Amino acid sequence: MARFWVCVAGAGFFLAFLVLHSRFCGSPVLRNFTFAVSWRTEKSLYRLDVDWPKHPEYFTGTTFCVAVDSLNGLVYIGQRGDNLPKILVFTEDGYFLRAWNYTVDTPHGIFAASTLYEQSIWITDVGSGFFGHTVKKYSSFGDLVQVLGTPGKKGTGLNPLQFDNPAELYVEDTGDIYIVDGDGGLNNRLIKLSQDFMILWLHGENGTGPAKFNIPHSVTLDSAGRVWVADRGNKRIQVFDKDTGEWLGAWNNCFTEEGPSSVRFTPDGKYLIVAQLNLSRLSVVAAPPVGSIGECSVISTIQLADQVLPHLLEVDRKTGAVYVAEIGAKQVQKYVPLNSYVPAFGS
């Protein structure tokens, strides 16, 4: 069963179509399929991979986050619910490999930080149980390696380090860690940790001014050494120097309707992919040159169906594919570049 609709916006026409997931139409075969094709001057850069994953029936909970291990061709998905596996592992081709649940309460963000010698998965856990309010490192098979924070206890402390609803993290190849802590909790802060978990710098005050936050929800880095934070409640993206923590500027002109919920760069560094949760929209934004932040400029958009609700996303650093965790549709979808503008990983 497919549903087609056409709408008019100014001088532009849009065509969008939706193949409903079994949760919406009762069919065990059809799954949610959303993609917008624009007939305006903006160019389409991605297409939906309708064959990913091969077995969507493994999505049995609410899918909050997704990570990509580009070195090993693996995709990790965090989902929530009772009596179900919290972490699902797929191949980049969409085949299901395994699931695990050990010491995971309520996953919010997930990041794959694999090297040639180690496959590591980091998870931010916002649960109220024994394993909640922590940032944890796992092996690819779910073995717990490291715990940051005080398990089961939310707080604002720095020694020992405490979290309250840590939203997401980004791990550099050097091992340095950037954490946004405060998805509606006590904290509204950005923390940089060294590879041995020492605090290098932080910004940690609630507010609307520079380097202040209201629900910092996602964090990423670009190749120029800048840290980009989705300051969701303030409807902006803030930018910092990764070495000093110095505030470099902010974008707010693109987010007047709703703040960004997720941010990731394409492998070539030309674009920033931004998700807006309640608008069910993905935007492809032009990255600024080195030495300038400038204004936000949207190059292309992907308008998802109502109530799909893209929460967090990840970009494969090898292929440029975009994976989107959708809490409304309860699935992860994969978008692949239409053109070969994304160079090979490491080129």
Side-chain angles (χ1 to χ4, degrees), residues 31 46 48-80 84-104 107-125 135-146 168-175 177 218-221 262-267 273 275 310-327 330-337 342-347:
R31 68 186 182 91
Y46 294 90
L48 180 66
D49 184 347
V50 298
D51 294 321
W52 201 98
K54 306 297 183 184
H55 300 285
E57 62 269 19
Y58 285 102
F59 298 142
T60 54
T62 304
T63 48
F64 267 76
C65 50
V66 58
V68 180
D69 177 354
S70 302
L71 289 176
N72 297 287
L74 300 177
V75 180
Y76 297 83
I77 295 166
Q79 62 176 1
R80 299 185 192 177
L84 53 81
K86 301 296 177 63
I87 305 301
L88 308 175
V89 187
F90 292 84
T91 69
E92 61 182 5
D93 295 326
Y95 293 98
F96 177 77
L97 290 180
R98 55 185 173 270
W100 42 271
N101 201 36
Y102 177 61
T103 71
V104 180
H108 187 280
I110 189 169
F111 189 87
S114 293
T115 67
L116 294 174
Y117 310 102
E118 180 186 40
Q119 295 184 41
S120 299
I121 304 300
W122 288 86
I123 296 172
T124 63
D125 197 325
V135 177
K136 292 171 287 190
K137 179 182 179 180
Y138 294 87
S139 73
S140 179
F141 289 87
D143 300 315
L144 183 61
V145 178
Q146 181 70 45
E168 198 194 41
L169 76 161
Y170 188 97
V171 183
E172 271 195 284
D173 292 340
T174 61
I177 304 170
S218 181
V219 58
T220 194
L221 265 67
S262 188
V263 286
R264 284 293 186 269
F265 280 93
T266 56
I273 313 297
H311 184 246
L312 290 171
L313 62 85
E314 186 59 278
V315 177
D316 189 323
R317 293 198 294 168
K318 184 177 180 180
T319 68
V322 180
Y323 295 82
V324 185
E326 302 167 349
I327 60 176
K330 296 184 178 180
Q331 65 183 4
V332 169
Q333 296 200 104
K334 177 183 179 180
Y335 293 87
V336 296
V342 177
F345 181 60
S347 64

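In this text the structure is predicted, and so the values were computed from the model without any measurement.
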Worksheet item: Less than 4.5 Å apart, any side-chain heavy atom of Val75 and any of Trp52?
Response: yes

Discussion item. With heavy-atom distances below 4.5 Å as the criterion, would you say the side chains of Leu312 and Phe64 are in contact?
Written reply: no

Worksheet item: Looking just at side-chain N and O atoms, do Glu168 and Thr124 make a donor-acceptor pair shorter than 3.5 Å?
Response: no

Worksheet entry | Minimum heavy-atom distance Leu84-Thr60, with the two atoms named | CD2-O, 3.5 Å

Discussion item. Side chain to side chain contact (heavy atoms under 4.5 Å, CB included) for Asn72 and Ser114? Distances and angles first, verdict last.
Written reply: CA-CA 8 Å; Asn72 297 287; Ser114 293; 4.0 Å; yes

Discussion item. Closer than 3.5 angstrom, by distance alone: can the side chain of Asn101 be matched with the main-chain N or O of Lys86 as a donor-acceptor pair?
Written reply: yes

Practice prompt. Measure from NZ or CZ of Lys330 to the centre of the six-membered ring of Phe59, then state whether that distance is under 6.0 Å and the direction lies within 45° of the axis.
Written response: no

Discussion item. Could you measure the distance from the CD1 atom of Ile121 to the CZ atom of Phe111? Nearest 0.5 Å is fine.
Written reply: 9.5 Å

Item to complete: Take the angle between the ring planes of His108 and His311 and call it parallel below 30°, perpendicular above 60°, tilted in between.
Response: perpendicular

Item to complete: Quick one: do Ile87 and Ile123 satisfy side chain to side chain contact (heavy atoms under 4.5 Å, CB included)? Show the steps, please.
Response: CA-CA 10 Å; Ile87 305 301; Ile123 296 172; 3.6 Å; yes

Fill in: Heavy-atom check, side chain of Tyr335 versus side chain of Leu313, under 4.5 Å
no

Worksheet item: Taking the side chain from Arg264 and the backbone from Val219, do they hold a donor-acceptor pair closer than 3.5 Å?
Response: yes

Item to complete: Determine yes or no for a side-chain-to-main-chain donor-acceptor pair under 3.5 angstrom, with Gln79 supplying the side chain and Pro85 the backbone.
Response: yes

Worksheet entry | Side-chain heavy-atom pair Tyr95, Pro53 within 4.5 angstrom cut-off | no

Worksheet item: Do Val68 and Thr319 touch side chain to side chain, with heavy atoms closer than 4.5 Å?
Response: no

Item to complete: Using a strict cut-off of less than 4.0 Å between a Lys/Arg side-chain nitrogen and an Asp/Glu carboxylate oxygen, indicate whether Asp173 and Arg317 qualify as a salt bridge.
Response: yes

Fill in: Gly94 backbone acceptor or donor facing Lys334 side chain under 3.5 Å
no

Worksheet item: Could you give the distance from CD (Glu314) to OG1 (Thr220), rounded to the nearest 0.5 Å?
Response: 7.0 Å

Discussion item. So which atom in Gln119 and which in Leu74 form the shortest heavy-atom distance, rounded to 0.1 Å?
Written reply: OE1-CD1, 3.6 Å

Worksheet entry | Closest heavy-atom pair and its distance - Phe90, His55 | CE2-O, 4.2 Å

Discussion item. Under a 3.5 Å cutoff, is there a donor and acceptor pairing between the side chains of Ser218 and Tyr170?
Written reply: no

Practice prompt. Would you confirm whether Ser70, through its side chain, and Asp316, through its main-chain N or O, come within 3.5 Å as a donor-acceptor pair?
Written response: no

Discussion item. Against Tyr138, only a single residue in Tyr76, Trp100, Trp122 fulfils ring pair (Phe, Tyr, Trp, His ring centres under 6.0 Å); can you say which?
Written reply: Trp100

Fill in: Ile177 side, atom CD1; Gln146 side, atom CD - distance, nearest 0.5 Å
8.0 Å

Discussion item. Quick check: closest heavy atoms across Ser140 and Val89, and the distance to 0.1 Å?
Written reply: O-CG2, 4.4 Å

Worksheet entry | Separation between CD1 of Ile273 and OH of Tyr323, rounded to the nearest 0.5 Å | 14.0 Å

Practice prompt. Report yes if the side chains of Arg80 and Pro107 come closer than 4.5 Å at any heavy-atom pair, otherwise no.
Written response: yes

Worksheet item: Which atoms form the tightest heavy-atom contact between Lys136 and Leu144, and what is the distance?
Response: CB-CD1, 4.0 Å

Fill in: Taking every non-hydrogen atom, the tightest pair across Thr266 and Val315
CA-CG1, 4.2 Å

